[in-house]
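Report on the following structure.
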Amino acid sequence: QVQPVESGGGLVQAGGSLRLSCTVSRFVNGDYVMGWFRQAPGKEREPVSCITWDRASTAYVAPVKGRFTISRDKATNTMYLQMTSLQPEDTAIYYCAARRMIPSTSCLSMTQYTHWGQGTQVTVSS
C-alpha cells in the first residue's frame, strides 16, 4: 500500500526556512509522481510542487518558484520540500500525495492523485 506520511511542519518567522519530508511505505510496480499541496484557512487546496519519481522532473506553481525546492531520495522513498523566504501567505496545511504516472498529465494536476498523507501544519508569523 502506498501511504504517504508527512513531517517537518512548524512555526517560523517571515523570511525563515522549513523543510518538509514525506515518506512512502512502498511503491507498487510502475512509475509514480509525488506532489506537495497546501490548504490555507478558508481556501481550497492548491498545488505547490511535484516531482516524477524515476527521473526527478519537477514543477512549481508561480508563487513558490525560486523559494521552494522539491527533491526525492529513492533509497529511502522520501520526498522533500525545502521552503525558504517564507511569508505569512505560505501558512497552510501541507499535504503530500502520490499517484501513478499518467502520460501527458501534469503532476501539478491535483485531482489525479490517489494516495494522500494526513497533512502537516506550516505557520509563518509576520
Side-chain angles (χ1 to χ4, degrees):
Q1 181 71 15
V2 179
Q3 179 57 54
V5 179
E6 306 98 335
S7 62
L11 173 65
V12 64
Q13 288 188 332
S17 300
L18 278 175
R19 189 177 77 158
L20 305 182
S21 301
C22 175
T23 300
V24 176
S25 54
R26 61 186 287 259
F27 286 112
V28 183
N29 292 338
D31 197 10
Y32 281 77
V33 299
M34 292 191 69
W36 288 101
F37 303 85
R38 66 186 181 185
Q39 187 166 16
K43 295 187 177 181
E44 294 187 353
R45 193 173 300 187
E46 62 181 9
V48 175
S49 182
C50 57
I51 189 167
T52 62
W53 200 252
D54 187 32
R55 296 188 177 186
S57 299
T58 61
Y60 300 89
V61 295
V64 308
K65 199 171 290 187
R67 299 189 299 125
F68 292 8
T69 303
I70 192 170
S71 62
R72 60 97 174 94
D73 181 342
K74 295 178 76 173
T76 60
N77 281 356
T78 301
M79 175 179 67
Y80 300 98
L81 186 68
Q82 179 67 49
M83 304 184 293
T84 64
S85 301
L86 283 162
Q87 299 302 316
E89 53 265 35
D90 295 315
T91 295
I93 299 174
Y94 283 69
Y95 298 90
C96 73
R99 62 163 171 83
R100 290 186 181 276
M101 174 77 75
I102 303 173
S104 302
T105 300
S106 169
C107 61
L108 288 174
S109 177
M110 188 168 59
T111 58
Q112 306 290 341
Y113 281 81
T114 52
H115 304 279
W116 289 84
Q118 80 287 352
T120 187
Q121 178 70 47
V122 172
T123 302
V124 185
S125 62
S126 57

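What you see is a predicted model, and the numbers here were worked out from it, not measured in a lab.
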Of the non-hydrogen atoms in [X] and [Y], which two are nearest, and what is the gap between them?
| X | Y | answer |
| --- | --- | --- |
| Cys107 | Ala59 | SG-CB, 4.2 Å |
| Met79 | Gly35 | CE-O, 3.5 Å |
| Ala14 | Ser126 | CB-CA, 4.3 Å |
| Ala97 | Pro4 | CA-CG, 4.5 Å |
| Ser21 | Thr78 | CB-CG2, 4.3 Å |

Mind checking what makes ring pair (Phe, Tyr, Trp, His ring centres under 6.0 Å) contact with [X], not counting sequence neighbours?
| X | result |
| --- | --- |
| Tyr80 | none |
| Tyr95 | none |
| Tyr32 | Phe27 |

List for me each residue that meets salt bridge (Lys or Arg N to Asp or Glu O under 4.0 Å) alongside [X], sequence neighbours excluded, and say none if there are none.
| X | value |
| --- | --- |
| Arg67 | Asp90 |
| Lys74 | Asp54 |
| Glu89 | none |
| Arg99 | none |

| task | Decide if the gap between the ring center of Trp116 and the ring center of Phe37 is smaller than 6.0 angstrom. | result |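 Under 6.0 Å, so yes.
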
Determine whether [X] and [Y] make a side-chain contact, defined as any pair of heavy atoms from C-beta on separated by less than 4.5 Å.
| X | Y | answer |
| --- | --- | --- |
| Met34 | Val24 | yes |
| Thr84 | Leu86 | no |
| Arg38 | Arg45 | no |
| Leu20 | Met83 | yes |
| Thr76 | Thr23 | no |
| Tyr60 | Leu108 | no |
| Val12 | Ser125 | no |
| Val33 | Cys50 | no |

| query | Can you list the residues that meet the side chain to side chain contact (heavy atoms under 4.5 Å, CB included) rule with Ser57, with sequence neighbours excluded? | reply |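 Applying side chain to side chain contact (heavy atoms under 4.5 Å, CB included) to Ser57 gives Thr52, Arg55.
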
| field | For Thr123, all residues meeting side chain to side chain contact (heavy atoms under 4.5 Å, CB included), sequence neighbours excluded | value |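 For Thr123 the side chain to side chain contact (heavy atoms under 4.5 Å, CB included) partners, ignoring immediate neighbours, are Leu11, Thr91, Gln121.
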
| said: With a 3.5 Å distance limit and no angle check, can you tell me whether Arg72 reaches the backbone of Trp53 through a side-chain donor-acceptor pair? | reply: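 Answer holds: yes.
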
| query | Is the backbone N or O of Ser7 less than 3.5 Å from a side-chain atom of Thr120, with the two atoms forming a donor-acceptor pair by type? | reply |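 Side chain of Thr120 to backbone of Ser7, a donor-acceptor pair under 3.5 Å: no, none is there.
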
| query | Linking I/L/V/M/F/W/Y whenever any side-chain heavy atoms sit under 4.5 Å apart, do Met110 and Trp36 land together? | reply |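 The answer is no; the residues belong to distinct hydrophobic clusters.
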
| message | Enumerate the side-chain hydrogen bond (donor to acceptor under 3.5 Å, both in side chains) contacts for residues 104-113, please, sequence neighbours excluded, ordered by first and then second residue. | response |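 Residue pairs passing side-chain hydrogen bond (donor to acceptor under 3.5 Å, both in side chains), neighbours aside: none found.
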
| task | If a pair satisfies salt bridge (charged side-chain N to carboxylate O under 4.0 Å, His left out) and one of its residues is in residues 13-32, list it, with sequence neighbours excluded. | result |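 Matches after skipping sequence neighbours: none remain.
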
| message | Give me each pair satisfying salt bridge (charged side-chain N to carboxylate O under 4.0 Å, His left out) with a member in residues 5-18, each pair once, sequence neighbours excluded. | response |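 Matches after skipping sequence neighbours: none remain.
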
| Could you give the distance from SG (Cys22) to CD1 (Ile51), rounded to the nearest 0.5 Å? |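 Here the rounded value is 11.5 Å.
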
